[in-house]
Amino acid sequence: MKFRLVLGLFALSLLSVTAQEDPLSNLLKIKIPTQTGKVTALQEVEIPEHSEDSSKASTITDIKAEFWDTTVYNPYRHTEVEYPFQVNFTDSTYANPVKFKKVVTSRYGWRRGRPHNGIDIDLVTGDSVVSVLDGIVRFARYSSGHGRTVVVRHFNGLESTYAHLSHIAVKANDTLKKGDYLGKGGNTGRSRGSHLHFSLTYKGQFIHPEYLFKFDETNAIRAQEMWVTKRWTRASFHSAYRVSKLELLESKDDALASLVKERKIYVVKRGDTLSRISRRNNTTITSICRTNKIKKNSTLRIGQKLILEI
């Protein structure tokens, strides 16, 4: 009996001394004493070690590692983005930023002679506004033009903006889940009536929200993987008064192929100006002038043919 007790204590001491973790294979190696007749030997046994916390940690991106500035609206203003770039989603749906059916009053595109880099959603001052995806609040303060504004950075690199709020209910560095309350809608800043100005950016580049999200009752994200070209970041390619024709790019090859510009011939009509032609054809005055080797103050002639890159 005494011999068995001593042998048991010896085995426990060996376990505590020889147990070790193999960092490469993530196995726990222990040595167990085994006895054959009068001979005692140590046998090494490997036990798989599972750590739920460590596996989760490996999948979490540190979105505060770069360009984390809680005092400016766009910390990426001096950063260049290489096109096309990729945006990935793990969710198949987003949370409706307002707690009722979305009524879009103005879309992403050219509006009153200037770019409108977001979507306006109708609401009444005091209506609740929520985060569309999981993320961390990067900016929560008054911003020139946007009024009271919240910017949430998401784990795929996107940032969502909620502007013209009457009340901000969160602060910078707060963590939000999809659908979490962040403030009340309003009419602050440069605004014509109460509404939510909602926009999406990636490293400071605005993206047409309807390219990524379906603005209907499904609240669907259009794809798990999308490639973005300048056509979907430049308001001059779109009109704020109508729905843009969607051309979803789900692979890099598709995105690169779309970069080949289409050309068409436009015949100048009575009353045409460069501004009117550019607006109606979703192109820019600069592009028209460069392609046709004319100046912005050049006089257009009725019947004149212009090459438009669209």
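Small disclaimer: the values here were computed from a predicted structure and weren't measured. When reading the values below, keep in mind they use all heavy atoms of this one structure, side chains included, and skip hydrogens, waters and symmetry mates.
Checking side-chain atoms of R148 against main-chain N and O of S166 turns up a donor-acceptor pair under 3.5 Å. Between the side chain of N292 and the main chain of C289, no donor-acceptor pair closer than 3.5 Å is present. The main-chain N or O of H146 is never found under 3.5 Å from a side-chain atom of S143 such that the two would form a donor-acceptor pair. Here the side chain of H195 pairs no donor or acceptor atom with the backbone of G185 at under 3.5 angstrom. Panel note: side chain T201, backbone G204; no donor-acceptor pair is recorded below 3.5 Å. Not a single donor-acceptor pair under 3.5 Å links the side chain of S298 to the backbone N or O of I294.
For the residue pair N96 / K101, no side-chain donor-acceptor distance below 3.5 Å is found, with atom types taken as modelled. Side-chain atoms of S194 and H164 include no donor-acceptor pair closer than 3.5 Å. Judged by distance alone, the side chains of R111 and S106 do bring a donor and an acceptor atom under 3.5 Å apart. In this model, a donor atom of one side chain and an acceptor atom of the other lie less than 3.5 Å apart for R279 and S275. Under the 3.5 Å distance criterion, with hydrogens and angles disregarded, a donor-acceptor pair is assigned to the side chains of D216 and T218. Judged purely by distance below 3.5 Å, without hydrogens or angles, the side chains of Y266 and D272 pair a donor atom with an acceptor atom.
Looking at residues two or more places apart in sequence or on another chain, you find a side-chain contact (heavy atoms from CB on, under 4.5 Å) between R234 and Y83, Q205, K230, S236, F237. Not counting sequence neighbours, the partners of R242 by the side-chain contact (heavy atoms from CB on, under 4.5 Å) test are S239, N282. Scanning for salt bridge (Lys or Arg N to Asp or Glu O under 4.0 Å) contacts around R107 gives E210, with sequence neighbours left out.
Every pair tested for salt bridge (charged side-chain N to carboxylate O under 4.0 Å, His left out) that includes a residue from residues 293-303 fails, sequence neighbours excluded, so the list is empty. Listed by first and then second residue, the salt bridge (charged side-chain N to carboxylate O under 4.0 Å, His left out) pairs involving residues 154-167 are R138-E159, R153-E159 (not counting sequence neighbours).
Within the 4.5 Å cutoff, the side chain of V228 has no heavy atoms near those of the Y202 side chain. A 4.5 Å side-chain heavy-atom check between I265 and L306 finds every atom pair outside the cut-off. Between I221 and S92 the shortest side-chain heavy-atom distance does not fall below 4.5 Å. Contact annotation: the side chain of L182 never approaches that of V137 to less than 4.5 Å [non-hydrogen atoms, C-beta and beyond]. You'll find the side chain of T71 stays beyond 4.5 Å of the side chain of F139, heavy atoms only. A 4.5 Å side-chain heavy-atom check between T229 and L249 finds at least one atom pair inside the cut-off. Within the 4.5 Å cutoff, the side chain of K252 has no heavy atoms near those of the Q86 side chain.
Separation of atoms CD (E66) and OG1 (T79) is listed at 9.0 Å; rounding is to 0.5 Å. In this structure, the separation between OG1 on T105 and CG on D120 is 4.5 Å, given to the nearest 0.5 Å. Taken from CG in D253 to OG in S258, the straight-line distance is 11.0 Å, to the nearest 0.5 Å. Taken from NZ in K171 to CZ in R141, the straight-line distance is 15.0 Å, to the nearest 0.5 Å. Atom-to-atom distance recorded for I277:CD1 and L308:CG is 7.0 Å, nearest 0.5 angstrom. The distance from atom CG of L274 to atom CG of L300, rounded to the nearest 0.5 Å, is 4.5 Å.
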> side-chain contact (heavy atoms from CB on, under 4.5 Å) between L200 and L212: does it pass, once the steps are laid out?
Replying inline: CA-CA 9 Å; L200 294 170; L212 302 179; 3.8 Å; yes

> Would S244 and H208 satisfy side-chain hydrogen bond (donor to acceptor under 3.5 Å, both in side chains), going step by step from the backbone distance to the final call?
Replying inline: CA-CA 9 Å; S244 297; H208 197 318; 3.3 Å; yes

> What do the steps show when you test N219 against K102 for side-chain hydrogen bond (donor to acceptor under 3.5 Å, both in side chains), and what is the final call?
Replying inline: CA-CA 10 Å; N219 296 331; K102 296 179 288 296; 2.5 Å; yes

>> Please evaluate residues N281 and T283 with respect to the criterion side-chain hydrogen bond (donor to acceptor under 3.5 Å, both in side chains), reporting the C-alpha separation (whole Å), side-chain torsions for both, the decisive distance (0.1 Å), and the verdict.
In response: CA-CA 6 Å; N281 292 275; T283 187; over 6 Å; no

>> Before you tell me yes or no, could you show the steps for H154 and S160 under side-chain hydrogen bond (donor to acceptor under 3.5 Å, both in side chains), namely the whole-Å CA-CA distance, both residues' side-chain angles and the distance that decides it to 0.1 Å?
In response: CA-CA 8 Å; H154 306 291; S160 57; 2.7 Å; yes

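Shortest non-hydrogen contact noted between G147 and T188 is CA-OG1, 3.5 Å. Contact record, G179 with K99: O-NZ, 4.0 Å, taken as the closest heavy-atom pair. Among all heavy-atom pairs drawn from Y162 and P97, the shortest one is CE2-CB, 4.3 Å. Between P75 and D69, the shortest heavy-atom distance links the atoms CB-CB, 4.0 Å. The minimum heavy-atom distance linking N187 with G193 is given by the pair OD1-O, 2.9 Å. Nearest approach of A235 to Y108, heavy atoms of both residues: CA-CE2, 3.8 Å.
The hydrophobic clustering, which links ILVMFWY residues whose side-chain heavy atoms are closer than 4.5 Å, places L246 and M226 together. Hydrophobic clustering places I207 together with F215 (ILVMFWY residues linked when any side-chain heavy atoms are closer than 4.5 Å, directly or through intermediates). Cluster membership for F206 and W110, using ILVMFWY side-chain heavy atoms within less than 4.5 angstrom, is not shared. The same ILVMFWY cluster, assembled from side-chain heavy atoms under 4.5 Å apart, contains both Y211 and I119. Residue L176 is grouped with residue L165 when hydrophobic side chains (ILVMFWY) are merged at heavy-atom distances under 4.5 angstrom, including chains of intermediate members.
Ion pairing of D180 with K177 is absent here, as no side-chain N (NZ or NE/NH1/NH2) approaches a carboxylate O to less than 4.0 Å.
Between Y94 and F213, the ring-plane angle classifies as parallel under the 30° and 60° cut-offs.
Dense packing is recorded around NZ of K64, with more than 12 heavy atoms of other residues, nucleotides or ligands lying under 6.0 Å away. By the neighbour-count criterion of 12 heavy atoms within 6.0 Å, atom CZ of R112 is densely surrounded, having more than that number from other residues, nucleotides or ligands.
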Exercise answer: donor-acceptor pairs, residues 121-136 side-chain atoms, under 3.5 Å, sequence neighbours excluded:
unit_1 : atom_1 : unit_2 : atom_2 : d
D127   : OD2    : V124   : N      : 2.8
S131   : OG     : L133   : O      : 2.7
D134   : OD1    : K178   : N      : 2.6

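Taking the ring centroids of H197 and H116, they lie under the 6.0 Å cut-off.
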